[in-house]
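Okay, structure first, notes after.
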Amino acid sequence: MRANATMWRVCDDLWDRWEDVEAQFARMARWAPWQGEGRWADADMLPLGRIGIRAERGEDRLCRLTRPEQISLLTLWLISRSPLMMGGDLPTSPPETVELLTNDEALAVQWHSTGNREVLREGDLVLWTADDTDGTTRYAAVFSLADAPRRFRVPLGSVGARPGDRVREVWSRTDTAHDGRHLTVDLPAHGAALYRLAEDTGRE
């Protein structure tokens with residue numbers, strides 16, 4: 001594929017159903033070793049915002065995914081470096097959708113990451129990591145596949161963080177406290193958190 005294509009689909013059409021999104025976790029984990037500059041496995045368009053205006057499936061509607069599910073979808077696309085192609089109508093999509101699509105801290109994960117991979121899948125917990133091209137920053141994505149809210153304790157060492165690292169959750173744009181060994185992550189049903197891990201310089 002890499003020798004003959006710049007992008008290839010890895011699934012059937014993706015729609016605004018959680019089961020469609022959940023199925024992409026295994027697919028993108030399998031394709032992760034083959035992602036690279038100019039050669040991309042495509043997890044399909046983003047079924048976000050206002051969709052179905054002239055769709056083959058369903059009526060004119062807003063995306064049926066919950067906000068946590070939308071964040072999980074975008075987090076997986078970013079950390080796996082799937083191409084981002086908006087499948088909804090932006091002019092008539094809600095501001096909340098545009099806010100997710102224009103979060104520069106989250107988009108930086110796709111723009112500047114390398115070595116992206118799934119490092120853990122245990123029960124309802126899925127964990128991805130990646131390095132930044134600056135050689136020092138790391139990224140971690142924590143996903144919950146559970147149908148109810150869950151709390152997870154993620155060892156910092158499992159995502160390559162150092163005890164003194166500043167941990168920033170990029171969707172909420174907030175720094176996250178940790179005990180130097182574990183990161184406690186509270187996630188809603190089908191939710192995700194996306195972290196930037198970097199040396200704490202004391203600067204914003």
Side-chain angles (χ1 to χ4, degrees), residues 9-35 41-49 51 57-58 62-84 87-88 96-97 100-101 103 105-107 109-110 113 115-130 138-161 167-172 174 176 178 182-197:
R9 280 275 296 276
V10 300
C11 64
D12 293 332
D13 288 348
L14 182 95
W15 287 92
D16 51 336
R17 303 179 302 180
W18 173 247
E19 54 266 34
D20 285 13
V21 177
E22 186 174 4
Q24 298 297 70
F25 283 89
R27 293 188 181 107
M28 297 314 291
R30 289 195 298 269
W31 280 106
W34 310 107
Q35 295 284 55
D42 170 28
D44 203 11
M45 291 194 296
L46 305 170
L48 302 176
I51 60 176
R57 299 185 200 176
L62 291 178
C63 174
R64 291 173 177 150
L65 296 171
T66 66
R67 184 169 178 85
E69 289 169 350
Q70 293 179 46
I71 289 174
S72 285
L73 183 155
L74 278 170
T75 301
L76 179 61
W77 267 235
L78 292 168
I79 197 72
S80 67
R81 302 193 77 190
S82 172
L84 300 179
E96 294 81 7
T97 299
L100 290 177
L101 294 171
N103 182 315
E105 293 188 44
L107 291 170
V109 178
Q110 192 185 63
S113 61
N116 310 59
R117 61 198 180 278
E118 180 186 277
V119 296
L120 177 70
R121 180 186 290 259
E122 186 174 278
D124 292 322
L125 174 65
V126 178
L127 180 63
W128 278 68
T129 64
R138 290 183 61 80
Y139 300 105
V142 182
F143 301 92
S144 175
L145 304 183
D147 296 330
R150 286 283 306 275
R151 170 172 286 185
F152 300 98
R153 277 171 57 82
V154 178
L156 286 174
S158 68
V159 294
V167 178
R168 182 169 177 83
E169 206 288 310
V170 302
W171 291 117
S172 61
T174 58
T176 303
H178 57 86
H182 293 89
L183 183 64
T184 300
V185 186
D186 290 304
L187 292 176
H190 307 159
L194 182 56
Y195 296 99
R196 181 179 184 271
L197 315 166

| Sub-3.5 Å donor-acceptor pair from the side chain of Arg81 to the main-chain atoms of Gln110, do we have one? | yes
Please report, to 0.1 Å, the donor-acceptor pairs under 3.5 Å made by any side chain of residues 71-79, with sequence neighbours excluded.
{"from": "Ser72", "atom 1": "OG", "to": "Pro68", "atom 2": "O", "distance (Å)": "3.3"}
{"from": "Ser72", "atom 1": "OG", "to": "His190", "atom 2": "O", "distance (Å)": "2.7"}
{"from": "Ser72", "atom 1": "OG", "to": "Gly191", "atom 2": "O", "distance (Å)": "3.3"}
{"from": "Ser72", "atom 1": "OG", "to": "Ala192", "atom 2": "N", "distance (Å)": "3.4"}
{"from": "Thr75", "atom 1": "OG1", "to": "Ile71", "atom 2": "O", "distance (Å)": "2.7"}
{"from": "Thr75", "atom 1": "OG1", "to": "Trp171", "atom 2": "NE1", "distance (Å)": "2.8"}
{"from": "Trp77", "atom 1": "NE1", "to": "Asp44", "atom 2": "O", "distance (Å)": "3.0"}

| query | What's the shortest heavy-atom distance between Arg138 and Gly160, and which atoms? | reply | CD-O, 3.3 Å
| said: Restricting to non-hydrogen atoms, name the atom on Ser80 and the atom on Met28 that form the minimum distance, rounded to 0.1 Å. | reply: OG-CE, 3.6 Å
| said: Show the nearest heavy-atom pair for residues Arg150 and Ala146, with the distance to one decimal. | reply: CG-CB, 3.6 Å
| Are the side chain of Arg27 and the backbone of Arg30 linked by a donor-acceptor contact shorter than 3.5 Å? | no
| message | Looking at every heavy atom in both Ala193 and Val185, which two are closest together, and how far apart are they? | response | CB-CG1, 4.2 Å
| query | Rounded to the nearest 0.5 Å, how far does CZ of Arg196 lie from OG1 of Thr176? | reply | 13.0 Å
| Pairwise distance CD(Glu118) to CG(Leu120) - rounded to 0.5 angstrom | 7.5 Å
| request: Examine distances only and state if a side-chain atom of Gln35 and a backbone atom of Asn116 form a donor-acceptor pair shorter than 3.5 Å. | output: no
| field | Distance in Å, Phe152 CZ paired with Ser144 OG, rounded so as to fall on 0.5 Å steps | value | 3.5 Å
| message | Check whether Gln70 reaches the backbone of Leu65 with its side chain - one donor and one acceptor, N or O, closer than 3.5 Å. | response | yes
| message | Using side-chain heavy atoms (C-beta onward) and a distance below 4.5 Å, is Met45 in contact with Leu14? | response | no
| said: So, taking the atom named CG in Leu127 and the one named CZ in Arg121, what distance separates them when rounded to the nearest 0.5 Å? | reply: 11.5 Å
| note | Cys11 and Gln24 have their tightest heavy-atom pair at SG-NE2, 3.2 Å
| query | If you look at every heavy atom in Leu197 and Ala161, which pair is closest and at what distance? | reply | CD1-CB, 4.0 Å
| Exceeds 12 heavy-atom contacts within 6.0 angstrom, atom CD of Glu122 | no
| message | For the backbone of Pro47 and the side chain of Asp16, can you confirm whether one donor and one acceptor N or O come within less than 3.5 Å of each other? | response | no
| Val142 and its side chain to side chain contact (heavy atoms under 4.5 Å, CB included) partner, picked from Leu194, Val159, Val154 | Val154
| said: What's the separation between atom OG1 in Thr174 and atom CZ in Arg168, rounded to the nearest 0.5 Å? | reply: 7.0 Å
| field | Main-chain N/O of Ala43 paired to Ser82 side chain as donor or acceptor, under 3.5 Å | value | yes
| Non-neighbouring partners of Glu22 that pass side chain to side chain donor-acceptor pair (under 3.5 Å), sequence neighbours left out | Trp18
| Distance from Asp124 atom CG to Asp147 atom CG, nearest 0.5 Å? | 7.5 Å
| Considering residues at least two apart in sequence or located in another chain, which fulfil the ring-ring contact (aromatic ring centres under 6.0 Å, His included) criterion with Phe25? | Phe143
